[in-house]
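Sequence lines set the chain letters: A, B, ... in the order given, protein chains first and strands last, and positions in each chain run from 1. Note that the structure is a prediction, hence the values are computed from the model and not measured.
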Amino acid sequence: MQVYNTMTRKKEELVPLTPGVIRMYVCGPTVYNFFHIGNARPFVVFDTLRRYLEYKGYKVVLAQNFTDIDDKLINRANAEGTTVPEIAERYIKEYYRDADALSIERATVNPRATEHVDEIIALVETLIGRGHAYAADNGDVYFSVRSYPEYGKLSGQSIDDLESGARIDPTEHKRDPLDFAVWKGAKPGEPSWESPWGKGRPGWHIECSAMSMNILGETFDIHAGGQDLVFPHHENEIAQSEAATGKPFARYWMHNGYININNEKMSKSLGNFLLVRDIAKEFDLEAVRLFLLGAQYRNPVNFSRELIEQADTALSRIRTARERLDDAMKKPAEAPDPEDAAFLASVPEFRARWEEAMDDDLNTADALGVLFDFTRSLNSFVSEPRGIEALEAADAFMKDVCRVMGLLQHRREEEFPLEALALLAQRGAARAARDWARADAIREELKALGFAVEDGKDGAKLKRL
RNA sequence: GGCACCAUAGCCAAGCGGUAAGGCAGAGGUCUGCAAAACCUUCAUCCCCGGUUCGAUUCCGGGUGGUGCCUCCA
């Protein structure tokens, strides 16, 4: 599989450090609020990557962190008159709720910064010991950017250009404006941990370095996140980690593009964000997932309600095909059908095309095109009873694609309320009596209850609206 | 100022050297009591100007327009 590596700015063959195993780290949420659709993109995209790698037979160790201590949590806790751990606990729970609805599989580990303070302190001590960090007189510890000559290699920035643009904050105790905090001395009332530099808490960048290296090793395969993390977050992670270990940190850096609203980046600071939680009130979040996978992950995508509606309609197209296949499998042809052979032969071709798209830097947009092509072919095929072998081949492919792309993973209620079933039966009777007016009236009643009726060869079927 | 990215039909979005996947919407048709679903048909020459090439949406140069990072941010 080819993967675009931000470090080299080109697509490269993904070759894991340990054959058959992929170790990857995805920057997770700072848990001080529900997450918005922009935050959802990396979670969905890299979940899809993880699933695809597993489909290809890799064992994937995926770590996605929760940043559960930082200024935003502290502010939120103060504003609500509660504690930082309470805020973190709440929004971690809410994260899982939304992530589940988006069919995001649980990571292998979800490390929390506060559970890795010892490792963070050890890492800071190593950096100081090697002359890459220094303790300031206020209890802060800073990383010395100029002590790491390769600084800027990920973002393509030169230290001198950065220097000229760096903001100087007189309240900080840096030796150089480029330096950044790896440990923050505690201010009164803030949560803090004992350290060699007094009470304090981890800096943001260092926690990802400490957690990723502790869980995945000093050198691991993939480090991923949003494009806005390239600088400074990931640049700083590289500097800290490689300065501390003298070894390469992550080998492939993958970054997703933004979600825009009206061609402007969606962000919490701009206030133009839409919470996934709010979209869930109106739509099955798998429609959001389909929307996100409808574009190649590195390209920016515009968000609008209309686009989610489009995705929702498209999703139902896949769902209908899935249901038609299920029905076909319940009553296959007695003997193989003459058309089975051609269809059976086409399935591996669809699969090959789908894999080719996924192998090309996770081109999910292209891969979805293959799914829809297959959907059309399948819909035609199952319009007549077919041999079970061909149907099972279609089923296996459909399941693989849907599992990897995280679509149709929600259990839908099979059971319909008795009231609706009774109406359906009454309508059937009316139709048998050619009482069309009554049949249509009942259809309207069912619609009001949230069900559509579809008449087919084998009688009428109910569908949830 | 530095570093990147993008420009394909009404709306999204792949493709990236040989004459434009797919989805949504629209039009016509098949099926249906009607509908729905499904299927069939139909709907673009790829921002502009140069250049390279037998041939460019696809490569190069120059425009124009838009975005992001350089500060917390997915």
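- Side-chain atoms of A:T67 and A:V31, non-hydrogen and from C-beta on, never get closer than 4.5 Å to each other.
- In this structure, CD of A:E309 is placed 14 Å from P of B:rC12, rounded to the nearest angstrom.
- Under the 6.0 Å cut-off for aromatic ring centres, A:Y55 and A:Y52 qualify, their centroids lying closer than that.
- Per the geometry, CG belonging to A:L446 stands 13 Å off C1' belonging to B:rA36, to the nearest Å.
- In summary, of the residues considered (A:K399, A:E323, A:R403, A:R322), a side chain to side chain contact (heavy atoms under 4.5 Å, CB included) with A:L408 occurs for A:R322 alone.
- Under the side chain to side chain contact (heavy atoms under 4.5 Å, CB included) rule, A:V84 has a single partner from A:N75, A:I74, A:N78, which is A:I74.
- For A:N302, no side-chain nitrogen or oxygen approaches OP1 or OP2 of B:rA13 to under 4.0 Å.
- With contacts defined as side-chain heavy-atom distances shorter than 4.5 Å, the pair A:I104/A:Y96 does not qualify.
- For the pair A:R317 and B:rA38, the criterion of a side-chain N or O lying under 4.0 Å from OP1 or OP2 is met.
- Base pairing of B:rG17 is not made with any nucleotide, judged by Watson-Crick or G-U wobble geometry with both donor-acceptor distances under 3.5 Å.
- Taking only distance into account, the side chain of A:R353 never meets the base of B:rG15 through a donor-acceptor pair shorter than 3.5 Å.
- The partner of B:rC59 is B:rG51, judged by Watson-Crick or G-U wobble contacts that both fall below 3.5 Å.
- Atoms CD1 (A:I261) and P (B:rC73) sit 20 Å apart, rounded to a whole Å.
- Put simply, the side chain of A:D455 and the base of B:rC34 share a donor and an acceptor less than 3.5 Å apart.
- Only the C1' atoms considered, B:rA7 is 14 Å distant from B:rG63, to the nearest whole Å.
- Nucleotide B:rG22 holds its P atom 14 Å from the CG atom of A:L371, rounded to whole Å.
- By the stacking rule of 5.5 Å between ring centres and under 30° between planes, A:W436 stacks on the base of B:rG33.
- With B:rG2, B:rA13, B:rG15 as the candidates, the nucleotide lying closest to the side chain of A:A295 is B:rA13.
- Judged by distance alone, with hydrogens and angles left aside, the side-chain atoms of A:R201 form no donor-acceptor pair with the main-chain N or O of A:G185 at under 3.5 Å.
- Ionic pairing of A:D359 and A:K11 is not present here: no N-O contact between side-chain nitrogen and carboxylate oxygen is shorter than 4.0 angstrom.
- Straight-line distance from the CG atom of A:L407 to the P atom of B:rG23: 15 Å, rounded to whole Å.
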Set out, line by line, the N/O atom pairs under 3.5 Å between protein and nucleotides 65-68 of chain B.
residue	atom	partner	partner atom	Å
B:rG68	O2'	A:Y258	OH	2.7

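- Here the P atom of nucleotide B:rG23 and the CZ atom of A:R289 are 21 Å apart, to the nearest Å.
- With a 3.5 Å ceiling on both atom-pair distances, the Watson-Crick or G-U wobble partner of B:rA38 is B:rU30.
- With both pairing distances under 3.5 Å, B:rC5 is matched to B:rG66 as a Watson-Crick or G-U wobble pair.
- Side-chain nitrogen and oxygen atoms of A:R376 include at least one within less than 4.0 Å of the OP1 or OP2 phosphate oxygen of B:rG23.
- Legend: side chain to side chain donor-acceptor pair (under 3.5 Å) pairs involving residues 367-377 of chain A, not counting sequence neighbours, sorted by first then second residue: A:R353-A:D373.
- OP1 or OP2 of B:rA74 has at least one side-chain nitrogen or oxygen of A:N39 nearer than 4.0 Å.
- Residue-to-nucleotide contacts include a donor-acceptor pair under 3.5 Å from the side chain of A:R431 to the base of B:rG33.
- The listed nucleotides are B:rC72, B:rC24, B:rG15; the one nearest the side chain of A:N363 is B:rG15.
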